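Inspection log for the structure reproduced underneath, given as structure tokens.
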Amino acid sequence: MKKQACHPFLCAAVLVALPALAQESGGQGPRIALGVGVEQSDNALKTSTRERSDTKEYLDLDLGYLRDSDYLSADAQYRAEIANYRNDTTEDASVLTGQSKLAWKLLPGRMQIDVSHDRSEQIRDSRNADIRNNRQLRDIVSAGPTFMARLSPVDQIVLDGRYSQVSYDRGDEAAVAGANQSDSERTSGGLSWQHQLQKTDLLSASYQYSEVTFDEFTEELTYHQLYGTYAVKLRNSGYTVSLGVNRSERESSGDESDGFYAQIGWNLQSGEHRFGVTAINQLTDSGVGLGGNGLIGGNFRPNDSNFDVVDVVERTSLNLDYGFSGLCERCDVGLRLGYDEQDFDEQPRDQKSTGGSLTVGYKLTPTLKLSLRGDYSEIEFLQDAGGGRTDKRENYGLTLDWMLSRSLTMRAWISDEQRKSDAALQGYDELFGGVSVSYRFR
């Protein structure tokens with residue numbers, strides 16, 4: 001099946017929204033930043049057998065747009081990078097990544113059209129080192145209407161439908177055999193009843209139905225999700241708890257997988273302390289990627305991978321985030337911890353990830369900040385050849401940020417990264433550092 005450049009429904013949604021975007025902005029408007037940088041590595045290929053140093057020179061452009069009005073909400077942020085590698089450890093490349101969301105409110109409070117796009121680099125194979133040659137671009141484009149009907153002052157029904165395309169870059173199909181079988185089209189619909197208990201408390205019951213078809217893979221998947229949600233939003237805190245069940249069905253074999261669905265989020269700002277917790281357990285599939293799909297909050301992201309064979313996956317993730325600004329007048333501390341487990345239905349790819357990071361920042365002057373960072377992660381490939389495999393990665397770094405003016409910023413950094421692995425020749429040690437300058441026009 002040949003991939004269409006733009007599905008008629010998606011094209012129509014974008015064209016319908018263009019007139020609204022062309023109107024005089026009622027929000028913050030565009031954001032533009034230009035940066036240049038150079039980075040030196042003593043082991044650019046992240047290997048223990050053929051270490052080669054290289055220098056990366058790059059130019060990047062950040063483009064953003066933000067608007068929020070009665071009839072239109074838009075939030076977009078993209079980054080374009082052009083990179084040159086002096087010693088050719090990696091091919092020179094230009095890469096565009098970013099995401100955008102647009103909600104055109106045709107009838108505010110009753111009907112709107114949502115369009116979103118996410119373009120990111122995904123790890124081709126999480127068992128290998130994270131270098132440019134082991135990455136692949138993924139695009140997720142989604143669009144659809146949302147209808148809201150008020151039943152009473154405290155009750156409303158929400159009905160939504162979405163059509164999505166997930167596609168992977170085909171620039172180097174030989175790198176991972178059959179990886180592009182992951183290209184898919186996804187159609188979903190949802191029905192939700194919402195009841196406002198108080199001004200701060202919301203109770204809802206929801207049902208979600210999804211169908212997934214793959215362009216070059218005969219498998220078709222169907223998902224059902226039934227759950228209830230209780231949400232509280234206060235001035236300095238809030239939490240959301242969703243509990244229910246989900247089921248996946250394979251069209252080819254008729255096999256079914258049932259699972260427990262849970263999604264929890266909690267945040268609290270108390271004086272000098274900041275807390276955040278996010279957790280999720282759900283059935284998904286490896287065709288959409290398992291790390292950067294936006295379903296999990298927080299900053300800990302386990303390696304995302306493309307797979308040669310699509311499979312249903314039960315995913316469990318937990319992320320903890322803590323910030324403290326009371327250590328001293330010029331200090332701030334950030335701590336993040338994460339856990340992720342991926343249980344594949346048929347393929348021998350089960351894995352567990354744990355990790356954490358600690359960052360300590362100190363303002364030397366009002367315009368000069370020094371940050372010390374340490375990261376640790378451990379990933380277990382439970383069904384790898386030879387009875388399993390464990391990789392451990394440590395990264396320590398020092399960063400200096402200097403605000404030369406309100407628009408001009410300079411950054412210098414140095415980091416040391418080490419990986420130890422049960423698999424032969426998979427460990428490495430890399431020392432790298434660099435300097436960059438960026439100018440923000442708005």
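Source: prediction; values computed, not measured.
- A donor atom on one side chain and an acceptor atom on the other are not found under 3.5 Å apart for Thr316 and Glu341.
- Under the rule for a side chain to side chain contact (heavy atoms under 4.5 Å, CB included), the partners of Thr240 that lie at least two apart in sequence or sit in another chain are Thr229, Ala231, Ser242.
- Between the side chains of Gln156 and Gln194, at least one donor N or O sits under 3.5 Å from an acceptor N or O.
- Residues Ser421 and Asp391 bring a donor and an acceptor atom of their side chains to less than 3.5 Å of each other.
- A donor-acceptor contact shorter than 3.5 Å is absent between the side chain of Asn246 and the backbone of Gln282.
- Side-chain contact check for Gln418 and Tyr396: no donor-acceptor pair (N or O, by modelled atom type) lies under 3.5 Å.
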Start with the C-alpha distance between Arg250 and Asp255, add both sets of side-chain angles, then the distance that settles salt bridge (Lys or Arg N to Asp or Glu O under 4.0 Å), and finish with yes or no. CA-CA 5 Å; Arg250 293 178 181 268; Asp255 292 343; 5.3 Å; no
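- Side chain of Arg419 to backbone of Gln426: a donor-acceptor contact under 3.5 angstrom is found.
- Each of Lys352, Gln351, Arg349 was evaluated against Leu382; a single residue qualifies, Lys352, per the side-chain contact (heavy atoms from CB on, under 4.5 Å) test.
- Checking Asp332 against Ser325 by side-chain atom types alone, no donor-acceptor pair falls below 3.5 Å.
- When atom types are taken as modelled, the side chain of Asn43 and the backbone of Leu431 share no donor-acceptor pair closer than 3.5 angstrom.
- Looking only at atom types and distance, the side chain of Glu57 has a donor-acceptor partner in the side chain of Asn84 under 3.5 Å away.
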Between Ser184 and Arg186, does a side chain to side chain donor-acceptor pair (under 3.5 Å) hold up when you go through it step by step? CA-CA 7 Å; Ser184 62; Arg186 299 163 184 262; 3.0 Å; yes
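- Closest of all the heavy-atom pairs between Asp62 and Arg79 is OD1-CG, 3.0 Å.
- Each of Asp54, Asn133, Thr55 was evaluated against Thr89; a single residue qualifies, Asp54, per the side-chain hydrogen bond (donor to acceptor under 3.5 Å, both in side chains) test.
- Using a 3.5 Å distance cut-off with no hydrogens or angles, the side chains of Gln77 and Arg31 do pair a donor with an acceptor.
- When the side chain to side chain donor-acceptor pair (under 3.5 Å) test is applied to Ser270, no partner is found at least two apart in sequence or on another chain.
- The distance from atom CG of Leu283 to atom CZ of Arg247, rounded to the nearest 0.5 Å, is 10.5 Å.
- Under the rule for a side chain to side chain donor-acceptor pair (under 3.5 Å), Arg52 has no partner lying at least two apart in sequence or in another chain.
- Arg162 and Thr146 are linked by a side-chain donor-acceptor pair at a separation below 3.5 angstrom, with hydrogens and angles left out of the test.
- For the 3.5 Å distance criterion, the side chains of Tyr428 and Glu51 fail to qualify, holding no donor opposite an acceptor.
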